[in-house]
Amino acid sequence: MSDPPHDLTPWDDAQRRGIALLGACLARLQPGMSNRDVRVLAGDLLAVHGFEGWGSPPDIRVGPRTRSGFLAGRLTPAVLLEDDLVTLALNPWSDRAMADVAATVHLGGVEPPLLDLARTCTRATCGYATRHKCVGELFVFARSWAANHRLSLVGRSVGHALLAPEGALAQGWPRSARLAAWLQHHQAHFLNSERVRGLWAIGPRLADASRGALFREVIVVRDDVHRVLGRDDLASVGTFEG
C-alpha cells in the first residue's frame with residue numbers, strides 16, 4: 001500500500017471544497033429535476049468551488065436505484081419525486097489533489113431512519129480505521145454494523161484508495177488514479193489483508209428492503225495521523241451545508 005502524500009494540505013483543502021460543492025448541490029435539489037439536470041447543476045458549480053474537472057462523472061441515484069451497487073442504474077434516466085431518496089456522489093479534482101464525497105438526502109417530509117443509520121455507520125467505520133487494522137476489517141465492521149441494525153451492506157467494497165499523482169500514476173492523472181483504484185489491493189473489500197495506510201474514500205452503502213443510503217468521506221492514516229479530511233471532528237462526518 002502506498003504512503004499518503006507528505007503534504008496533506010492540498011488534499012484536505014480539496015476535500016473541504018468538495019464537501020462545500022456537494023452541500024451546494026444538495027441544497028438545490030427539487031422534485032421534478034432529472035438526474036441529467038443534477039449533473040448539469042454539479043458541472044455549473046464545479047469551477048465556483050475551485051475545481052478543474054471530474055475524476056469520475058457525478059453519480060446520481062434516485063428512489064429504488066439508491067439501493068444499487070457498482071454502476072447499476074447509474075446512467076438510467078430518472079426524475080426526482082417528492083418523498084424520494086437521492087444519492088449524489090462527487091469526485092472533483094484540482095491542483096493535483098482530488099475530493100471524494102457522497103451523501104443521500106430525502107426530498108421533503110421527515111427524514112427516514114435509514115439515513116441517520118447510514119451516516120452513523122460511516123462515522124463509525126472512519127473511526128474504526130486505524131493503522132493497526134487491515135483494510136478487510138473495515139468491510140467486516142461495516143457489514144456487522146448493518147446486520148446489527150437489520151440492514152444490508154450493498155456491494156463487495158466499502159471504499160477505495162485515493163492515489164496521488166506520483167510514479168506511474170503521474171501520467172494521465174486523475175484518470176490513472178481512478179483506474180488503479182479498481183485493483184483489488186486498492187479496494188476496501190473482505191479479502192484485502194493490507195494494513196490501512198494512506199488516503200481512503202470510505203462509504204458503506206446501507207439498504208433496507210426498498211431503498212439505500214450512502215455517505216462517503218476521506219480518511220488519512222499513517223503513523224502520526226488518523227483523521228477525516230475536510231472535517232474538524234468525527235461528529236461532523238455526513239453533514240453538509242448548502
Side-chain angles (χ1 to χ4, degrees), residues 19 22-23 25-27 29-35 38-39 56 58-91 100-129 135-160 187-191 200-219 228 234-240 242:
I19 290 168
L22 180 58
C25 291
L26 296 176
L29 297 183
Q30 296 181 5
M33 296 176 70
S34 67
N35 49 2
V38 179
R39 290 189 191 93
S56 58
D59 185 351
I60 304 100
R61 315 277 180 107
V62 181
R65 294 190 182 94
T66 54
R67 202 179 187 280
S68 301
F70 193 45
L71 301 179
R74 178 172 173 171
L75 299 178
T76 305
V79 175
L80 281 59
L81 302 175
E82 190 75 29
D83 199 40
D84 253 344
L85 291 187
V86 181
T87 297
L88 177 58
L90 301 178
N91 177 218
D100 203 320
V101 62
T104 302
V105 294
H106 181 241
L107 295 183
V110 178
E111 181 178 286
L114 174 63
L115 267 63
D116 190 56
L117 290 171
R119 186 183 295 115
T120 304
C121 183
T122 298
R123 288 175 185 165
T125 306
C126 288
Y128 182 77
V135 178
E137 291 182 84
L138 305 186
F139 178 90
V140 174
F141 177 87
R143 185 175 61 181
S144 298
W145 201 98
N148 288 339
H149 293 82
R150 299 182 180 180
L151 297 171
S152 300
L153 179 66
V154 178
R156 298 181 178 180
S157 174
V158 295
H160 59 85
Q187 286 286 314
H189 59 82
F190 177 74
L191 297 178
W200 286 85
I202 299 297
R205 189 187 298 273
L206 270 56
D208 57 21
S210 59
R211 299 187 291 186
L214 166 69
F215 293 87
R216 183 183 297 141
E217 302 279 338
V218 172
I219 61 170
V228 182
L234 197 59
S236 62
V237 164
T239 63
F240 301 87

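What you see below is based on every heavy atom in this structure, not just the backbone, and it leaves out hydrogens, waters and symmetry mates.
- Note that CG of Asp83 and CG of Leu107 are 8.5 Å apart. Values are rounded to the nearest 0.5 Å.
- Using a 4.5 Å heavy-atom threshold, the side chains of Leu88 and Asp59 count as separate.
- Distance check, rounded to the nearest 0.5 Å: CD1 of Ile202 to OG1 of Thr122 gives 9.0 Å.
- The minimum heavy-atom distance between Val86 and Ile60, with the atom names listed, is CG1-CG2, 4.2 Å.
- Remark: the backbone N or O of Leu151 is not paired with any side-chain donor or acceptor of His149 at under 3.5 angstrom.
- In this structure, CZ in Phe215 is found 11.5 Å from CZ in Arg205, a value given to the nearest 0.5 Å.
- The side chain to side chain donor-acceptor pair (under 3.5 Å) search around Thr104 returns Thr87, not counting sequence neighbours.
- Across Ala146 and Ser152, no two heavy atoms sit closer than the pair CB-C, 4.2 Å.
- A donor-acceptor distance shorter than 3.5 angstrom exists from the side chain of Arg123 to the backbone of Val237, with no hydrogens or angles considered.
- For the residue pair His106 and Asp84, no side-chain donor N or O sits within less than 3.5 Å of a side-chain acceptor on the partner.
- Across all non-hydrogen atoms, the minimal contact from Gly212 to Thr66 is N-OG1, 3.0 Å.
- Using a 4.5 Å heavy-atom threshold, the side chains of Leu114 and Leu85 count as touching.
- Here the CH2 atom belonging to Trp145 is positioned 8.5 Å from the OG1 atom belonging to Thr125, to the nearest 0.5 angstrom.
- Contact check for Val101 versus Val218: no side-chain heavy atoms found under the 4.5 Å cut-off.
- Of the inter-residue distances, the one linking Asn91 atom CG with Asp100 atom CG reads 4.5 Å to the nearest 0.5 angstrom.
- Looking at Arg216, its side chain never comes within 3.5 Å of a backbone N or O of Ala89 through a donor-acceptor pair.
- Taking CD1 of Ile219 as the reference point, atom CG of Leu234 lies at 10.5 Å (rounded to 0.5 Å).
- Side chains of Leu80 and Leu29 form a contact here, defined as non-hydrogen atoms less than 4.5 Å apart.
- With sequence neighbours excluded, the residues that form a side-chain contact (heavy atoms from CB on, under 4.5 Å) with Tyr128 are Lys133, Glu137, Leu138, Phe141.
- The closest side-chain heavy-atom distance from Val228 to Glu217 is below 4.5 Å.
- The two residues Pro112 and Arg211 make their nearest non-hydrogen contact at CG-NH2, 4.3 Å.
- Between Leu153 and Leu206, the closest side-chain pair of non-hydrogen atoms falls below 4.5 Å.
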Can you check side chain to side chain contact (heavy atoms under 4.5 Å, CB included) on Leu191 and Phe139, steps first, answer last?
CA-CA 9 Å; Leu191 297 178; Phe139 178 90; over 6 Å; no
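- Scanning both residues, Arg67 and Ala207, for their nearest heavy atoms gives CG-CB, 3.4 Å.
- Taking the charged nitrogens against the carboxylate oxygens, Arg119 and Glu111 do have a contact shorter than 4.0 Å, which makes a salt bridge.
- Counting all heavy atoms, side chain and backbone alike, Ala103 lies closest to Phe240 at CB-CE1, 3.4 Å.
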